[in-house]
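This report concerns only the one structure given below.
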Amino acid sequence: MIEKMLSELCVDKYYEFIKKNKFEPSKKAFSEYCVDEDRQPLNWESCFSDIDDLRAVVFATYPDAADYVFNEDSFPEGYAELLRDEIKKYNRFIVSTLVFGKHADLNFFNSLQTYARANNALILLMTCADAKGTHKRFKVDFDPVFKSDRCWVVVQDLQLNDKIGICDIQQSAKQRIPISSLEKLTATRKSSLIVAGCKQLLKYVPNLKGQIPRALMTTGAVTVNDFSNEFFMSKRTSKLAEADYQAGAVVVEIQDNEQFHFRQIQATEDGSFSDLRTRYYPDGRTEEINEATLVMGDSHVGANDDVLVDAIQHAFIDGGFVDTVVLHDLCNSASVSYHEQDDVIKLIQRANDGSCRLREEINAIVRYINDFTNLGVDVIVVNSNHDNHLDKYVRNLASVSRRDYINMPLAFEALTKMALGEIDSVLEFLVKERADVKLTHPEKVRWSKLDESYVKYGTELGFHGHLGANGAKGSLKTFENAFENAVVGHSHSGAIKCKVFQVGTTSNLDMEYNKGLSSWTRTCCLVHKDGTKQLINFLIQPDGSYSYHV
């Protein structure tokens, strides 16, 4: 009789454990949990041959026990094939990462479900493990909340179309750079790849010029940011993992068998998130967003893609969505480029087409700025290396050494004003005072100085990216350590290093000096009022137009 009462008590304790923790315990974990009201251990092993025997009795006694757990035993036969059939019904997906044995970030997950319902999307969850983080029994244990409609766990490699897939590589949730050394897989599969990771990372793998480079990315996570454990030697990696953690996901939209669009989303403290012009909430609500800042890909006026710029303005500025535009590498400086000073053929070509005239380049820049300010937005001109080519041209008396008589008068005037300390920037001076075309709204244009900060919505937007620390070149790692949260340009390739985002370019993808393989992308960045960011990629269509979403 006593043994029977003890066995029933142990069964109740096991059931209580899984209801509370949402995963099944290891033998050690259950032994620590299975105590009486006086905290005295209950000898469950005297009643059951092993933990599997106890588990079988629990699930027979409590038929609803399976509702509180989600592990490898929960998958139906042929699950991977069922998922492959399911994705054929959708062209929009939300891809995120869950960590074995961790509870769901419930508010964020509910917001993802709001998005899925509103946009007929399927939620796909990749998996990774925190090896030191739990006392769970099963190799894979998920929060049972993920047994939801429109939500599937990716258990094998999965292609969403021919050019983007999900990679099933199992990784540590604490891995510092989950995409490290995986570039080769994009070539092997001839496809962009999404990899599990609790932080957001993105890099483009160079491809033949003119072809779209392959993207390699992680998503952020939909489980809680908790990597604490009792192992002393793991505390360092836990701290770093928690610092890099991002509650986030990647939205993937399939246009056809070849083209796709993707962009990042990040959750705010209440679990809501912004995507393009809409905000999604845990309680099922959505609302239209009416305020954001747009960081343009490097402009290089004179070599800019006018059709692309028009598409960007139509997408985000018309209608008052974006109120501020940040411009990088505004001036291409092609008329005075030191890269071409010894290229006689190029100099002849510029003389023939008129692009050797600095004044005409400045006029084009004024018209470019006016195209934005006339739409009612403020313009921030970030101090950039191509803009500073003009300063170098003036300071080095290059107009004299090159016998550049066409541009010499402007250069000498700027030189005199710089020497007298009247101006800091040759570009700003020429645009404001020497262009034949006038700024229509000069009060809407802010010219940042070198090393001058400009912060909007908690994000550093004032650094171009060409200069790093102590005279070194800039890098995303350097900016991550300095700013944590920033958007930079310069490299012409979209990229993400945790909370530091890098835009691409809005110029032509063939600038003559970029020979060989290329990872350049037509990428801008939306910075939302809630402080979250999205890289927006524009893809050219067969008719010559550009699209950024389905």
Minimum heavy-atom separation for [X] and [Y], please, with both atom names.
{"X": "Asp168", "Y": "Val155", "value": "OD2-O, 4.2 Å"}
{"X": "Cys331", "Y": "Asp387", "value": "N-OD1, 2.7 Å"}
{"X": "Val336", "Y": "Leu390", "value": "CG2-CD2, 3.5 Å"}
{"X": "Pro282", "Y": "Asn110", "value": "O-CB, 3.4 Å"}
{"X": "Ser299", "Y": "Thr506", "value": "CA-OG1, 3.6 Å"}

Flag the pair [X] and [Y] as a salt bridge only when some basic side-chain nitrogen lies within less than 4.0 angstrom of an acidic carboxylate oxygen.
{"X": "Lys239", "Y": "Glu242", "value": "no"}
{"X": "Asp157", "Y": "Arg189", "value": "yes"}
{"X": "Arg263", "Y": "Asp275", "value": "yes"}

- Message: Once rounded to the nearest 0.5 Å, what's the spacing between atom CZ of Arg277 and atom CG of Leu526?
- Response: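 Arg277 CZ to Leu526 CG: 9.0 Å, rounded to 0.5 Å.
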- Message: Enumerate the ring pair (Phe, Tyr, Trp, His ring centres under 6.0 Å) contacts for residues 287-309, please, sequence neighbours excluded, ordered by first and then second residue.
- Response: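 Ring pair (Phe, Tyr, Trp, His ring centres under 6.0 Å) check on residues 287-309 returns His300-His386, His300-His492.
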Counterpart residues, side chain to side chain donor-acceptor pair (under 3.5 Å), relative to [X] (two or more places apart):
{"X": "Asn385", "result": "His464, His490"}
{"X": "Tyr546", "result": "Asp305, Arg522"}
{"X": "Asn207", "result": "none"}

- For the residue pair Phe463 and Tyr454, is the inter-centroid distance of their aromatic rings smaller than 6.0 Å?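 No, the ring centres sit 6.0 Å or more apart.
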- Query: Ring centroid separation for Tyr281 and Tyr115, is it under 6.0 angstrom?
  - Reply: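 Between Tyr281 and Tyr115, the centre distance exceeds or equals 6.0 Å.
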- Message: Using the salt bridge (Lys or Arg N to Asp or Glu O under 4.0 Å) criterion, which residues pair with Asp323? Sequence neighbours excluded.
- Response: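 Lys456.
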- Message: Test of understanding: with salt bridge (Lys or Arg N to Asp or Glu O under 4.0 Å), list the residues that count as partners of Arg214, not counting sequence neighbours.
- Response: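 For Arg214 there are no salt bridge (Lys or Arg N to Asp or Glu O under 4.0 Å) partners, ignoring immediate neighbours.
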For [X], all residues meeting side chain to side chain contact (heavy atoms under 4.5 Å, CB included), sequence neighbours excluded:
{"X": "Asn370", "answer": "Val366, Thr373, Asn374, Val437, Leu439, Thr440"}
{"X": "Lys449", "answer": "Asp424, Glu452"}
{"X": "Gln246", "answer": "Gln200, Gln266, Lys499"}
{"X": "Ala241", "answer": "Lys174, Phe227"}

- Item | Qualifying residues under ring pair (Phe, Tyr, Trp, His ring centres under 6.0 Å), relative to Phe429, sequence neighbours excluded |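 In terms of ring pair (Phe, Tyr, Trp, His ring centres under 6.0 Å), with neighbours along the sequence ignored, Phe429 is linked to no residue.
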For [X] and [Y], test the side chains for any donor-to-acceptor distance below 3.5 angstrom and give the result as yes or no.
{"X": "Gln255", "Y": "Gln541", "answer": "yes"}
{"X": "Asn537", "Y": "Tyr204", "answer": "yes"}
{"X": "Thr521", "Y": "Ser493", "answer": "no"}
{"X": "Thr278", "Y": "Glu287", "answer": "no"}

- Message: Please verify the inter-ring angle class for Phe108 with Phe273; under 30° counts as parallel, over 60° as perpendicular, anything in between as tilted.
- Response: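 The rings of Phe108 and Phe273 stand perpendicular, inter-plane angle above 60°.
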- Message: Give me each pair satisfying salt bridge (Lys or Arg N to Asp or Glu O under 4.0 Å) with a member in residues 529-550, each pair once, sequence neighbours excluded.
- Response: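 Residue pairs passing salt bridge (Lys or Arg N to Asp or Glu O under 4.0 Å), neighbours aside: Arg279-Asp530, Glu291-Lys529.
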